[in-house]
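First comes the structure, then the notes that go with it.
Below, chain A is the first sequence line, B the second, and so on; all start at residue 1. What you see is a predicted model; the values in this text were computed from it and never measured.
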Amino acid sequence: MAPKATRTGIGERWRQATAPKRRQRLFVSLFLLPALVPYLALYIYPAIHAFYISLFDWSGFNKDMRFVGLANYERLLHDAIFLEALKHNMIAVFGGGAVMLSLALFFAILITKGARGSRFFKTVITAPFLLSGVAVAIFWKFVLDPQFGLLNGVLTAVGLDNLTQPWLGDRDLAFPAILAGVIWWWIGLFVLIIAAGIQRIPTQLWDAAKVDGATEWQTTVRITIPLIWDVLAVAAVLWIIDALRLFDIVWVMTKGGPGNSTHVLGTYLYSVGFGERSGLYQLGRGTAIGVVLFALVFVSSVVYLRLTRRKAIEY
Amino acid sequence: MSGHSRAHSRPDFLRHVGRTLIGILIYFIPIVWAAATLFALIWVIYTSLKTNPEIFADIWALPKGLALQNYVKAWKVSHIGSFFFNSLLVSVPAVLLTAFLASLAAYTLGRYEARWNRPIYYLFLVGMMIPVHLTLIPLFVAANSLHLGDNLPGLVIIFTAFMTPFSIFVLTSFFRSLPGELADAALLDGCDEFGLFWRIMAPMASPGIITVSLFNFFWVWNEYILTLIMITSPEKRTLPLGIYNLAVASTFTVDWGALFAGLTLLMVPTLIIFVVLERRIVSGITVGALK
Amino acid sequence: MSNYKNILPPVIASLLAGLILARCGPSTVEDPTAAETITIQWLDFMSEGEPWQRWQMEVYDEFKKVHPKVKIEFIWAGRDNLTKLQPMIAAGQVPTVISGGPELPYHLGSELWSFDAALETKAWDSDEKWKDTFLDQLWAGETFGGGIVGIPHAPYIRGLFYNKNQFIQLGVNPPKTWDELLATCATIEAEGVDCLGLDNLEPDYNSWWWYWLVQRLIGTEEAFRVLSTAGEPFADSGWLQATQMVEELIDKSYFQDGFSGSGWPAAQMLQMRGDLAMIFTGAWLPGEMLDSTPENFEYDLIRFPAVEGGKGEQTAVPVWANAWFIHKDGPHKEYVVDYFKIATSRKFQQLLVEKYKQPSPLKGMSAPAGLTSLPKILGESKETTLQYLGLLYKHPELFIQVYRPLIDQLFGGYLNASDFLEAMDKARDNYYANQ
């Protein structure tokens, strides 16, 4: 057995040698505290407390909290509306994401090619992003109105009146119609992010490709996309988080109806837990939905980030 | 391609037509999109200049006059005058405080090795994913016990807590990408940790910090749910609450003119700020989102 | 030593944060009996700028003359006021007054204070018992746990609203029975005007039609019994008949085109333009549309038509009211009772009717413009019921999560009448099985 290190032995020398580094590390770690403390107290702790609430049956109006364990979660498994809302969120994430990213990529390429008016265009398509969800919802609701809405109006004007629909009343078209509004609302942000990524690519690569006789399509697919893969990943994660947390715009447009054809997890959480007047005020159940939503966002982000982790391509 | 027989030139012709069509389509889509968006923004503005009967008669028609009384009403009902200052008093310190705390943390997480860095980073990441409604009631209870309820400084701290995760997410990779040579040189000159951060690293990261701060500002300027829950005293309310109040009151009196006036009052300054600062935002994103 | 100087800022920042945290402790509800003034908290579900808010402030001016040392702190929280109430209760801050709709007692239940004793005392401006000054039909909706817990603001009923001038123009009379309604619709449609307006996207705007027809054909109690008991078959022919009558309206296109995708207030807007004749909605309509009504437009309403052969009371009318409630733990209740008395005195009720165009909950008050027929309808009704047969209040989850989506599907044309009833039956039994 080795002799214990004495105060003047090897251990002590090691401690003295690394002391400045350790002190440095200690100070630097203190830099983390100011950000951590309010965050833990006001964000993480309430979230944990919320999880605790989800184990109860509670209306929030009295001290009557009845412990039910995981019953609220178990109910969600049989809850048709919850599953429907979940389905809509998935449609938003995948379907909406595919459309959004393709469109954003398309616009970003146009912009970075410096087509005429691209700066103006860039400002205009980003503008909706600065509006509040309520304003966008009100506008979009008027556009989709069956009688005097713009969409049906335009269709009729160009002679396509057999295509006019009661958009938000049709259970298959309602959610896509809302999604269209969401995409219109947020696309600017994604265009900016992707455009910034494309601008990083040195122009010699474009020129080289042209010399080699590549078409636009080939250039896009074989050169642009791989080189901005990390940017696309960031954009995708942002979309996943936002698509899963949709609430404002859906609530103001349809409150999840009619017939639950437009509910998303956010609106369902609100209608169960908080109600808006003639509601349910089942806080425990509503919070459980919120916890599930959070878990979903967390898992999908992590999974997605890992799947798309790729070494940055050196050029 | 001349000299080929007809059978071979057909596909070329089609390809040419196809390419032209696609060319048209490529320009058509953005033009329609931009036109629709411009129309939307202009529609909000000109609807606010119509009287209510006018709006009800035809929602898309242009105004016959200038119904400025809508603006007077919107201004009064949403207390824009006084709430503007409350919003300013809350937003600016919150954004500054977040910028400071988040860059401090991001700098540490990005440039120093420590066992707890990874978990702490993920801890902040998790924060971006928690839906707001989930934490409303516990937050209220917690904040009240810390005497942060129903006062503007309390709001500042709460907002800082909420803006930190996103800021750290963006800034960490930012700081990590900064070149290390200057840092080494500074250390050799006897600079200490905080000085290194304050005098060298943070200035280098300023595009990213400014971008993040701009996004934070837009968030906190429009934030209304937390404010609704936390603020009770009428005189401490912020602009979004004023507009929310206007929206509810206008809805139940079907006073669309005032509602649109309020929306315009909110929208136009935001748009102007954005157009002016657009360059900054874009350059910030360029450096920030990509590492 | 210089190292320490420069980590001072972050250390101080964390210490500050720590100190703030260290001042932990449960917050106590401040007892506002400081020296001179008393402050009472009032969580109202109106927003600033709404007529009700402005009227309540006028009442407050009078209140201040009577009780100069009492300050009421009004929190105009808007329709989300219960969302604000939940955290307040959780943190131990209980407002004395909470105002809200007819569903509020069902959520707050035993947390509410009973007005029974106060109602036995004199009214503010006469020797009558305070309770007797109100329309009797309003108390049913405010009674909970055996006592009256709310003071009603205004009696709201639903009716078919129409433009008097348009009816004169079209040469039709307001229909009294269902057959008359169908005939009137045929005439109106022939003139190129949509007969009925419906904003289908607004929750439950569609279901009123079905619930009322069910009430007319089957009767309130029986209908409620079947809808709220597992295993009860929808055997009575009235169920199918009611559903088919709804289908008939849809099939004959008596609702406006595209109604299934119409969002509020589209129907009202169309009515203003003369494109629509009647909307089945609540008595808030004229007051709501005050600012936007064009010149040639004069509202009036008729009771939901009678159905021949129906077993229910044909003059029945659901009446409900938004009301003021007092939390049992709220301090200084006696002052707010005085406020309510002042508000429900003739003087202020007159103001409410004339200036703010709202109907009054008191007996013998005239009706505001646009609601001329309201007192007559109320007076003639031999049965006043809760809305939706009381289902929304007594079985909210069943009403909202089980029945509402199915009724939406009926109106969307996705279910025919018999499939609809079968689906309702199964869904109800399913719901009770899972409890």
- Salt-bridge test for B:K76 and C:E48: reply yes if a basic N is under 4.0 Å from a carboxylate O, no otherwise. no
- Message: If you count heavy-atom pairs within less than 4.5 Å of chain C, which of B:N52, B:L136, B:T51 leads?
- Response: B:N52
- Residues passing the side chain to side chain contact (heavy atoms under 4.5 Å, CB included) test with B:D58, sequence neighbours excluded, are B:W60, B:A61
- Region of C:W52 that comes under 4.5 Å of a non-hydrogen atom in chain B: neither
- Note on the structure: One option among C:P87, C:P51, C:P265 has the most heavy-atom pairs under 4.5 Å with chain B, and it is C:P87
- Looking only at heavy atoms, which two atoms of C:Q86 and B:I137 are closest? And how far apart? CB-CD1, 3.6 Å
- Query: Is the number of heavy atoms from other residues, nucleotides or ligands under 6.0 Å of B:E235 CD greater than 12?
  - Reply: yes
- Message: Quick check on the interface: out of C:M272, C:Q41, C:M88, who has the most heavy-atom pairs with chain B under 4.5 Å?
- Response: C:M88
- B:V141 to C:A91 - nearest heavy-atom pair and separation: CG2-N, 4.1 Å
- Note on the structure: Note: C:M269 and B:I55 closest approach over all heavy atoms is CE-O, 3.9 Å
- How close do B:N144 and C:Q93 get, heavy atom to heavy atom, and via which atoms? OD1-NE2, 3.3 Å
- Exercise: identify the closest heavy-atom pair between C:T83 and B:I229: O-CD1, 3.9 Å
- Interface moiety of C:M46 toward chain B, non-hydrogen atoms closer than 4.5 Å: neither
- Message: Taking side chain as everything from C-beta outward and backbone as N, CA, C, O, which of these in B:I225 sits under 4.5 Å from a heavy atom of chain C? Side chain, backbone, both or neither.
- Response: neither
- Message: Going by the rule side chain to side chain contact (heavy atoms under 4.5 Å, CB included), which residues pair with B:W75 if we only count those two or more places apart in sequence or in a different chain?
- Response: B:I80, B:L265
- Task: Begin from the C-alpha positions of B:F56 and C:Q271 and carry the test side chain to side chain contact (heavy atoms under 4.5 Å, CB included) through to its verdict.
- Result: CA-CA 10 Å; B:F56 272 70; C:Q271 192 181 39; over 6 Å; no
